[in-house]
S.K.: 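My structure is below; once you've seen it, I'll send some questions.
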Amino acid sequence: MSAAHPAIAAGTLAALATAGRRRVGLVLAASLALLAGLGALAIARGAVPIPAGEVLGVLFAAATGETPEGRHALVILGVRLPRVLLAMLVGAALALSGAVMQGLFRNPLADPGLVGVSAGAALAAGATIVLGDRYLAPLIGALPFAILPFGAFLGGLASTLTLYAIATRNGRTSIATMLLAGVALGALSGALSGFLAYLSDDRQLRDLAFWSLGSFGGASWVKLAAVAPIILPLIAAAPFLARGLNALALGEAEAFHLGMKVQRIKNAAILLVALAVGASVAVSGIIGFVGIVVPHLVRLVLGANHRVLLPASAIGGATLLTGADLLARTLVVPAELPIGILTAALGAPFFLWLLLRRDAGLSA
Amino acid sequence: MSALFEAEDAGYAAGGRMLVREADLALEPGRVVAIVGPNGAGKTTLMKLMTGELTPHAGAIRSLGAPLGRIPAWRLACRRAVMAQSTRLAFPFAVHEVVRLGIEGIGRARAPEAALSLVAEALERADALALAGRDYQTLSGGEQQRVQFARALCQLRAGASVEAAQALFLDEPIASLDLCHQLALLDAARDLARHAPVAVLAILHDLNLAAHYADHLVVMDQGAIVAAGPPAAVLDPALLRRVFRVAMAMPAGPPPMPFVLPQFCRPVA
């Protein structure tokens with residue numbers, strides 16, 4: 001139909017593809033540099049400022065197995081480094097889950113918070129705080145706080161599985177039903193959480209609020225060791241979902257026409273989201289909007305191809321939460337802001353802007 | 001010798017209604033089959049049954065003798081490509097990425113250059129090469145349809161290394177196209193049937209285009225195939241009047257191309 005020679009056509013496409021790859025490489029390298037820089041800054045800043053030279057010296061010594069010297073070695077290695085690493089890990093997990101869930105639902109507005117995964121995890125955490133404190137504490141002492149992360153994790157997993165069971169009939173998962181059921185389950189979890197708050201005493205109420213607003217205040221190597229074995233393999237495995245999510249963007253029927261095992265892709269995506277969100281909520285409470293904001297920004301800059309989107313979102317999420325936690329620790333020294341307040345304050349207006357822009361885009 | 005794709009006495013029910021019943025249809029390489037019929041006649045449902053997207057409640061759908069359910073998705077994808085009525089994307093994929101999806105599902109490792117040349121060739125055949133770098137979401141309906149056609153062509157070419165005989169399913173492929181591109185797309189589909197050779201099944205609304213391009217014309221009404229055969233034999237004014245509720249005139253055109261002229265719409269008697 002067109003007069004162009006096939007060789008010229010392939011050449012044009014090759015140029016497009018090369019330009020795209022170069023752009024992706026540049027942006028990823030820049031993001032990684034930004035992440036490393038922010039990480040170092042986050043270790044240096046805080047209630048006790050530490051000179052950058054000392055931070056690097058201590059990190060280098062620790063990495064090479066020597067005994068680090070310097071007055072602040074304990075602050076750096078015992079407090080700030082695990083906290084920064086945890087923020088990176090949770091940020092990567094949340095942004096990655098957002099990107100995967102949006103691909104699964106074929107909707108750029110989907111988020112683990114939206115389908116009740118986070119709400120279910122928070123409900124379980126609340127139940128552990130209030131009911132566990134009331135009925136279990138006399139029996140087993142201070143256990144509630146030890147089992148809190150575990151409870152949150154189970155809550156996230158349970159709400160995802162419930163959702164999945166409701167939306168699956170005859171071996172096929174209806175994404176539309178899942179979205180609607182998720183909104184309902186999220187509201188139910190919210191109501192039950194509210195009831196728990198009504199039952200709780202002052203101290204429990206403070207714990208609940210702390211949990212529902214999110215914080216890395218309790219970061220430790222133990223927590224890091226608990227979630228890293230869950231989150232790191234998920235980040236490594238996510239690229240294997242990219243091909244399937246790309247095909248799903250055309251629609252479920254189209255993905256099948258293209259030769260994809262659609263149900264298997266959906267199962268894998270749902271499991272990944274449940275594990276990543278459950279683990280994140282377990283160590284840091286609910287931190288909203290990372291899952292929506294980061295993948296959307298990545299799409300604006302690098303396009304929608306999930307092969308790029310998934311790793312880039314993980315890096316972006318890690319960067320965002322490292323930066324947000326730095327602000328949360330330093331804005332009101334010596335107190336701390338819950339990080340969820342910061343991400344919501346930044347994320348909610350962004351979400352509204354997204355809605356406005358989306359409407360404009362669709363009417364075109 | 002079993003057909004490349006074959007519906008045998010196939011039926012499909014939804015909401016207590018038979019959307020398709022007792023349908024028999026065979027697709028063979030080299031042949032263009034067109035389905036016509038009023039809205040809700042079951043055309044798309046029959047096509048979804050034959051592509052494996054839906055599983056029949058009665059009868060069977062087979063490909064080369066094997067029930068579709070027994071053929072793995074990737075193998076089926078090598079054997080047939082499908083272009084649905086309209087495909088919207090939720091995310092800003094570039095056009096060349098969309099066309100490339102036709103290769104990805106088949107799961108064959110392919111050198112990037114070879115993949116690119118397949119994509120380029122498909123885009124060119126669908127007259128969509130100029131759109132290659134554009135964001136799919138910003139295209140017009142007709143442009144999107146051309147890109148989806150390119151995607152289907154790309155999938156056929158990629159699958160040809162596995163399957164010798166292939167089928168192309170087109171559900172109202174020209175609904176949003178301008179006249180020139182309507183003819184170009186149907187020409188391309190017929191060329192594939194003649195030279196590749198590929199079996200083509202297309203749902204069309206324009207009776208004259210259907211008659212012109214099809215070797216075998218199928219008329220559906222209320223879930224059933226009411227007539228099938230060479231276009232000249234099937235395009236009978238009395239039948240068309242009954243099925244479409246439109247009075248038709250069939251002027252004695254220059255043979256061998258029959259054509260009909262809708263006169264007026266007539267309420268159901």
S.K.: Nearest 0.5 Å please: distance from the CG atom of L13(A) over to the CD atom of E121(B).
M.R.: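 Rounded to the nearest 0.5 Å, the CG-CD separation comes to 11.5 Å.
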S.K.: Please classify the contact of L116(B) with chain A as side chain, backbone, both or neither, using a heavy-atom distance under 4.5 Å.
M.R.: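 Both backbone and side chain of L116(B) come within 4.5 Å of chain A.
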S.K.: Less than 4.5 Å apart, any side-chain heavy atom of R299(A) and any of F93(B)?
M.R.: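 SC-SC contact between R299(A) and F93(B) ruled out.
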S.K.: Of all the heavy-atom pairs spanning A90(B) and R106(A), show the shortest one and how long it is.
M.R.: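 In terms of heavy atoms, the two residues are closest at CB-O, 3.0 Å.
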S.K.: Taking R151(B), H96(B), E97(B), R80(B) one by one, which has the highest count of heavy-atom pairs under 4.5 Å against chain A?
M.R.: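 Heavy-atom pairs under 4.5 Å are most numerous for R80(B).
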S.K.: Return the option, out of A255(A), A247(A), A253(A), G244(A), with the maximum number of heavy-atom pairs under 4.5 Å with chain B.
M.R.: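 Maximum pair count with chain B is reached by A253(A).
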S.K.: So, taking the atom named CZ in R100(B) and the one named CG in N246(A), what distance separates them when rounded to the nearest 0.5 Å?
M.R.: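 Rounded to the nearest 0.5 Å, the CZ-CG separation comes out at 10.5 Å.
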S.K.: Counting only non-hydrogen atoms closer than 4.5 Å, does T87(B) touch chain A with its backbone (N, CA, C, O), its side chain (CB onward), both, or neither?
M.R.: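 The answer is the side chain of T87(B).
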S.K.: Using a 4.5 Å cut-off on heavy atoms from C-beta on, say whether the side chain of L258(A) contacts that of E104(B).
M.R.: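 No, every pair of side-chain atoms sits at 4.5 Å or beyond.
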S.K.: Between L76(B) and H257(A), is there a side-chain heavy-atom distance shorter than 4.5 Å?
M.R.: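 The answer is no, as the side chains (C-beta and beyond) never meet within the 4.5 Å cut-off.
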S.K.: By a 4.5 Å heavy-atom criterion (distance strictly below it), what part of R264(A) contacts chain B: side chain, backbone, both, or neither?
M.R.: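 Looking at R264(A), nothing touches chain B.
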S.K.: Please flag which part of A132(B) lies under 4.5 Å from any non-hydrogen atom of chain A: side chain, backbone, both or neither.
M.R.: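 Looking at A132(B), backbone and side chain both touch chain A.
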S.K.: If you compare all heavy atoms of A249(A) against all heavy atoms of F91(B), which two are closest, and at what distance to 0.1 Å?
M.R.: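 Smallest interatomic distance, heavy atoms only, reads CB-CD1, 4.2 Å.
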